[in-house]
Number of protein chains: 2
Amino acid sequence: MPITMTRSTQDYLKRIYELTECGLPASTNDLARELDIKPASVTGMVQKLAAEEPALVEYHKHQGVTLTPTGKRAALEVIRHHRLLETWLVQTLGYSWAEVHEEAERLEHVISEDFERRIAAALGNPTRDPHGELIPTEDLNMPVDDTTPLSSLRPNQSATIQRVNAQDPNLLRHLDSLGLTPGIQIEVTEYSSFDNNLTVKVGQKANVLGLNITTKIFVEIK
Amino acid sequence: MPITMTRSTQDYLKRIYELTECGLPASTNDLARELDIKPASVTGMVQKLAAEEPALVEYHKHQGVTLTPTGKRAALEVIRHHRLLETWLVQTLGYSWAEVHEEAERLEHVISEDFERRIAAALGNPTRDPHGELIPTEDLNMPVDDTTPLSSLRPNQSATIQRVNAQDPNLLRHLDSLGLTPGIQIEVTEYSSFDNNLTVKVGQKANVLGLNITTKIFVEIK
DNA sequence: CTTAAAATTTAGTCTTGCCTAAATTATTTT
DNA sequence: AAAATAATTTAGGCAAGACTAAATTTTAAG
Ligand SMILES: [Mn+2]
Ligand SMILES: [Mn+2]
Ligand SMILES: [Mn+2]
Ligand SMILES: [Mn+2]
């Protein structure tokens with residue numbers, strides 16, 4: 001019984017990986033929302049992934065789902081494809097960081113391991129994608145991430161933007177226009193405990209950012 | 001009723017295009033062989049393509065199938081993707097002409113029109129792929145091909161290789177090793193009417209080529 | 001502790017695209 | 001022209017993956 005790695009399977013495993021990064025199992029509903037598939041269908045698929053030999057996920061009714069080591073490796077394979085592709089589309093075809101996600105989302109399932117190696121080599125084995133997200137290594141390990149959400153900073157703290165965990169093109173274009181991109185230095189000057197807004201200085205300009213933005217930007221504190 | 005353009009649909013249309021280039025309808029069996037799908041299944045799919053609104057193919061029981069203008073445009077779209085991708089994989093990632101076909105076969109179905117435009121521009125809007133095959137134009141017209149099969153040449157005729165109509169990696173590697181690639185000058189020195197072998201001089205070397213090879217190489221007679 | 005709300009699962013369908021086996025039609029041979 | 005062979009179509013099924021509606025379980029409220 002070789003494992004059937006369909007597009008669908010790959011998307012499930014990728015989303016489960018992302019949802020379980022926090023350490024908790026992924027719930028049926030969350031998974032359904034992320035995949036844009038009805039919860040009832042997700043239950044069915046998750047049961048199948050758990051019944052696979054070897055199992056790709058561990059599943060306990062009403063308790064959510066986690067990846068087995070096999071499932072995790074498969075997820076990291078797809079994530080590596082995705083992030084290498086994004087990097088490559090930006091570097092060689094002039095895509096903007098707002099546009100790459102959608103294209104990579106389709107390509108990630110069809111490229112060969114040879115293709116993966118070729119673009120990785122052509123790019124000089126990059127460690128981060130255009131959004132600053134870490135790229136799983138060739139032997140499928142995810143480097144440790146030691147960044148902090150911008151939302152947890154307080155006035156007088158300075159930091160460097162490391163990564164932006166967002167795919168929405170509109171949000172990404174907005175951040176681009178504010179200069180909030182990986183590598184940029186920022187300083188927090190104000191904090192409002194009522195709405196959790198942060199005032200963030202980028203170069204000369206100061207911007208007031210809500211939680212919707214500050215929880216998606218991860219920084220290294222200086 | 002918008003047309004459903006699945007991978008499967010695209011592969012059928014592409015093969016039908018290729019099989020009907022000679023002017024005759026494509027038979028169920030030929031299509032089944034090319035697609036590696038059982039004839040019974042092909043009949044079913046062809047009936048569906050004909051019932052689509054607007055129809056993608058014209059189909060008459062036991063008489064084979066041809067493309068409608070709509071189906072032809074869809075086929076040329078896929079073929080343009082395929083050939084641009086091949087060109088691009090060879091030029092930017094160092095693929096050999098023997099390796100590109102398989103990768104392009106999967107990518108052709110998932111790239112966006114934006115991606116198509118970007119690689120076409122990056123390559124300088126090429127007119128031929130690595131095998132010398134003509135690339136359909138952006139407005140989906142196939143340039144006219146005025147080449148002659150090498151098999152029809154006779155002793156003392158000289159020609160330039162224009163294109164090689166083959167996907168088999170082993171054959172392509174073989175031709176590569178003989179120096180039989182697009183742009184190369186050749187001269188026919190001998191012909192055997194018994195086995196239809198041609199002796200073809202490439203530079204200093206002479207090679208005796210059978211019909212299996214000479215019908216797949218297309219040349220421009222000098 | 002009981003009830004209402006929310007989350008999840010089960011049961012039953014549907015579509016796509018393929019397959020096998022059997023029936024039919026077309027083409028060759030004799 | 002009949003028989004044999006080849007090509008094609010029909011009929012019936014199956015697996016993947018999705019959906020809706022109904023049942024169940026868990027969680028939150030009162
Ligand atoms: Mn995907
Ligand atoms: Mn990314
Ligand atoms: Mn294909
Ligand atoms: Mn080609």
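So you know, we letter chains A, B, ... as the sequences are listed, proteins then strands, and number each from 1. As the structure is a prediction and not an experimental result, all values here were calculated from the model.
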Q: Once side chain to side chain contact (heavy atoms under 4.5 Å, CB included) is applied, do any residues pair with A:Asp36, and if so which ones, sequence neighbours excluded?
A: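 Listed in chain order: nothing, the list is empty.
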Q: Please tabulate the protein-to-nucleotide N/O contacts below 3.5 Å involving nucleotides 18-20 of chain C, giving atom names and distances.
A:
unit_1	atom_1	unit_2	atom_2	d
C:dC18	OP1	B:Ser8	OG	3.1
C:dC18	OP2	B:Ser8	OG	3.3
C:dC18	OP2	B:Tyr12	OH	3.4
C:dC19	OP2	B:Lys38	N	3.0
C:dC19	OP2	B:Ser41	OG	2.9

Q: Check this for me: does any side-chain nitrogen of one of A:Arg80 and A:Glu77 sit under 4.0 Å from a carboxylate oxygen of the other?
A: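 No, A:Arg80 and A:Glu77 are not salt-bridged.
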Q: Can you list every salt bridge (charged side-chain N to carboxylate O under 4.0 Å, His left out) pair that touches residues 83-97 of chain B, not counting sequence neighbours?
A: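 Salt bridge (charged side-chain N to carboxylate O under 4.0 Å, His left out) check on residues 83-97 of chain B returns no pairs.
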Q: What is the distance, rounded to the nearest whole Å, between atom CD of B:Glu52 and atom C1' of C:dG17?
A: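 For the pair B:Glu52 CD and C:dG17 C1', the rounded distance is 13 Å.
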Q: Considering residues at least two apart in sequence or located in another chain, which fulfil the salt bridge (Lys or Arg N to Asp or Glu O under 4.0 Å) criterion with B:Glu34?
A: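 Partners of B:Glu34 by the salt bridge (Lys or Arg N to Asp or Glu O under 4.0 Å) criterion come out as none, since no residue qualifies.
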Q: Tell me, please, the opening and closing nucleotides of DNA chain D, 5' to 3', among those with an atom under 4.0 angstrom from a non-hydrogen atom of chain A.
A: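 Extent of the interface on DNA chain D: D:dA16 to D:dT26.
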Q: Could you give all pairs that pass the salt bridge (charged side-chain N to carboxylate O under 4.0 Å, His left out) test and reach residues 133-144 of chain A, with sequence neighbours left out?
A: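 Those involving residues 133-144 of chain A are A:Glu133-A:Arg163.
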Q: Quick check on C:dT10: is either OP1 or OP2 less than 4.0 Å from any side-chain nitrogen or oxygen of A:Gln47?
A: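 Yes.
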Q: Taking only residues at least two apart or on different chains, which pairs with a member in residues 126-145 of chain A satisfy ring-ring contact (aromatic ring centres under 6.0 Å, His included)?
A: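 For residues 126-145 of chain A: A:Trp97-A:His131.
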Q: Whole angstroms only, please: what is the CG-P distance between B:Leu56 and C:dG17?
A: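 To the nearest whole Å, that distance equals 12 Å.
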Q: Can you list, pair by pair, the side-chain donor-acceptor contacts under 3.5 Å of residues 69-76 of chain B, counting residues two or more places apart and other chains?
A:
none

Q: Which of residues 16-35 of chain B have a heavy atom under 4.0 Å from DNA chain D?
A: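 B:Ser27, B:Thr28, B:Asn29, in order of number.
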Q: How close or far is atom C1' of C:dG17 from atom CG of B:Leu49, stated in whole angstroms?
A: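 Between C1' of C:dG17 and CG of B:Leu49: 11 Å.
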Q: My understanding is that only residues two or more places apart in sequence, or in another chain, count here; which of them pass side chain to side chain donor-acceptor pair (under 3.5 Å) with B:Asn29?
A: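 For B:Asn29 there are no side chain to side chain donor-acceptor pair (under 3.5 Å) partners, ignoring immediate neighbours.
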Q: If you measure from the Lys or Arg side-chain nitrogens to the Asp or Glu carboxylate oxygens, is any gap between B:Asp176 and B:Arg173 under 4.0 Å?
A: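 Between B:Arg173 and B:Asp176 there is no salt bridge, as every charged N stays at least 4.0 Å from the carboxylate O atoms.
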Q: Take atom NZ of B:Lys61 and atom C1' of C:dT24, then tell me their distance rounded to the nearest Å.
A: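 Rounded to whole Å, this separation is 9 Å.
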Q: Suppose we screen for ring pair (Phe, Tyr, Trp, His ring centres under 6.0 Å). Which residues come up paired with A:Tyr95, at least two apart in sequence or across chains?
A: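 So A:Tyr95 forms no ring pair (Phe, Tyr, Trp, His ring centres under 6.0 Å) with any residue.
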Q: Mind checking side chain to side chain donor-acceptor pair (under 3.5 Å) for B:Thr43 and listing every partner two or more places apart, or none if nothing turns up?
A: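 Residues passing side chain to side chain donor-acceptor pair (under 3.5 Å) with B:Thr43: none at all.
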